[in-house]
Amino acid sequence: MRKLAAGNWKMNGLAADLAEIEAIAAGAPEGCEVLICPPATLLARAAAFGLAVGGQDCHAKGAGAHTGDLSAAMLADAGAEYVIVGHSERRADHGETSEEVAAKALAAQGAGLTAIVCVGETEAERDAGRTLDVVGAQIAASVAGLDPARLVVAYEPVWAIGTGRTPTLEEIAEVHGFLRARVDVPLLYGGSVKPGNAAEIFAVPDVNGALVGGASLKSADFLAIAKALAAA
Ligand code: PGA
């Protein structure tokens with residue numbers, strides 16, 4: 001399975017921060033794909049460094065009266081090869097359902113992009129023993145009708161995002177094995193991946209890479225994670 005180190009800059013990054021992306025492009029190791037998803041305002045300038053870049057969301061429609069939204073074709077036109085859809089922050093902040101996520105991913109693929117579909121349980125759902133039910137329902141509805149050749153799935157426990165907390169390696173293995181039985185595409189783990197825990201996470205079966213938030217903002221940290229993946 002191909003390996004992908006993906007950085008999600010979320011709502012961070014001004015022109016002055018392009019130097020970090022330039023450094024990531026210059027230092028990206030052989031042996032895995034390296035991707036940065038900057039804010040859309042930086043997409044075209046980031047793409048110019050020769051690194052793979054992606055959007056963080058797209059609209060399900062190709063064009064029209066949707067103020068503030070971006071179509072997948074616009075992202076592709078700006079140089080994107082990927083787009084994240086269904087990130088838990090989008091699902092929570094914008095009420096996105098798995099059906100909407102599937103429609104966005106379909107639009108992404110239609111524009112020639114690879115969709116990175118995110119799934120993951122909340123802390124309350126994990127505590128209630130419902131992790132596999134929740135992730136199973138999300139994956140079934142979010143990837144319906146998609147082309148596996150242009151699909152990546154990211155497992156991101158909501159409670160591990162930006163918190164410094166991570167599941168145990170056994171818990172990651174359980175969910176990734178569960179997902180592997182359902183989709184034969186690269187599976188990323190996301191949620192507080194850092195240089196210090198990357199190697200052990202990449203050694204977990206069915207983990208083919210990471211979706212990295214905070215630690216992707218600094219080139220040294222993100223390159224350390226990418227190098228751990230390349231060596232895994
Ligand atoms: P984090 O974010 O690495 O800052 O926890 C991960 C994500 O939301 O993709």
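Ligands are counted one by one from 1 in listed order, and the atoms in each one are counted from 1 as well.
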| Stepwise side chain to side chain contact (heavy atoms under 4.5 Å, CB included) check, Glu121 with Tyr155 | CA-CA 9 Å; Glu121 83 287 359; Tyr155 167 55; 2.9 Å; yes
| task | Return yes if a side-chain donor-acceptor contact under 3.5 Å exists between His87 and Gln56, otherwise no. | result | no
Looking only at protein heavy atoms, which one is nearest to [atom], and what is the separation?
atom                   : answer
atom 9 (O) of ligand 1 : Glu156 OE2, 2.6 Å
atom 3 (O) of ligand 1 : Gly213 N, 2.8 Å
atom 4 (O) of ligand 1 : Gly214 N, 2.8 Å

Work out whether the distance between some heavy atom of [X] and some atom of ligand 1 is less than 4.0 Å.
X      : answer
Gly191 : yes
His87  : yes
Ala160 : yes
Gly162 : yes

| field | From Lys10, Arg91, Arg90, residue fulfilling salt bridge (charged side-chain N to carboxylate O under 4.0 Å, His left out) relative to Asp57 | value |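 Among Lys10, Arg91, Arg90, the one meeting salt bridge (charged side-chain N to carboxylate O under 4.0 Å, His left out) with Asp57 is Arg90.
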Measure from the side-chain N and O atoms of [X] to the backbone N and O of [Y], and report whether any donor-acceptor pair falls under 3.5 Å.
X      : Y      : result
Ser192 : Ala160 : yes
Tyr189 : Gly191 : yes
Glu125 : Thr131 : no

| message | Using a 4.0 Å cutoff against the non-hydrogen atoms of Asn8, which atoms of ligand 1 qualify? | response | 9 (O)
| task | Just jot down the ligand 1 atoms closer than 4.0 angstrom to any heavy atom of Ser192, in number order. | result |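 Counting atoms of ligand 1 from 1, those under 4.0 Å from Ser192 are 1 (P), 3 (O), 5 (O).
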| query | Quick one: do Met1 and Leu179 end up in the same hydrophobic cluster if we chain Ile, Leu, Val, Met, Phe, Trp and Tyr together by side-chain heavy atoms under 4.5 Å apart? | reply |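 No, because Met1 and Leu179 fall into different hydrophobic clusters, even though each may have its own neighbours under 4.5 Å.
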| Hey, is Ile161 touching ligand 1 through its side chain, its backbone, both or neither, going by heavy atoms under 4.0 Å? | both
| message | Asn208 and side chain to side chain donor-acceptor pair (under 3.5 Å): which single residue from Arg180, His176, Lys3, Arg2 fits? | response | Arg180
| said: Counting only nitrogen or oxygen atoms and a 3.5 angstrom limit, does Ala215 reach ligand 1? | reply: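 Not met; the criterion fails.
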| Polar contact flag for Lys10 and ligand 1 (N/O pairs, less than 3.5 Å) |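 Right, the criterion is met.
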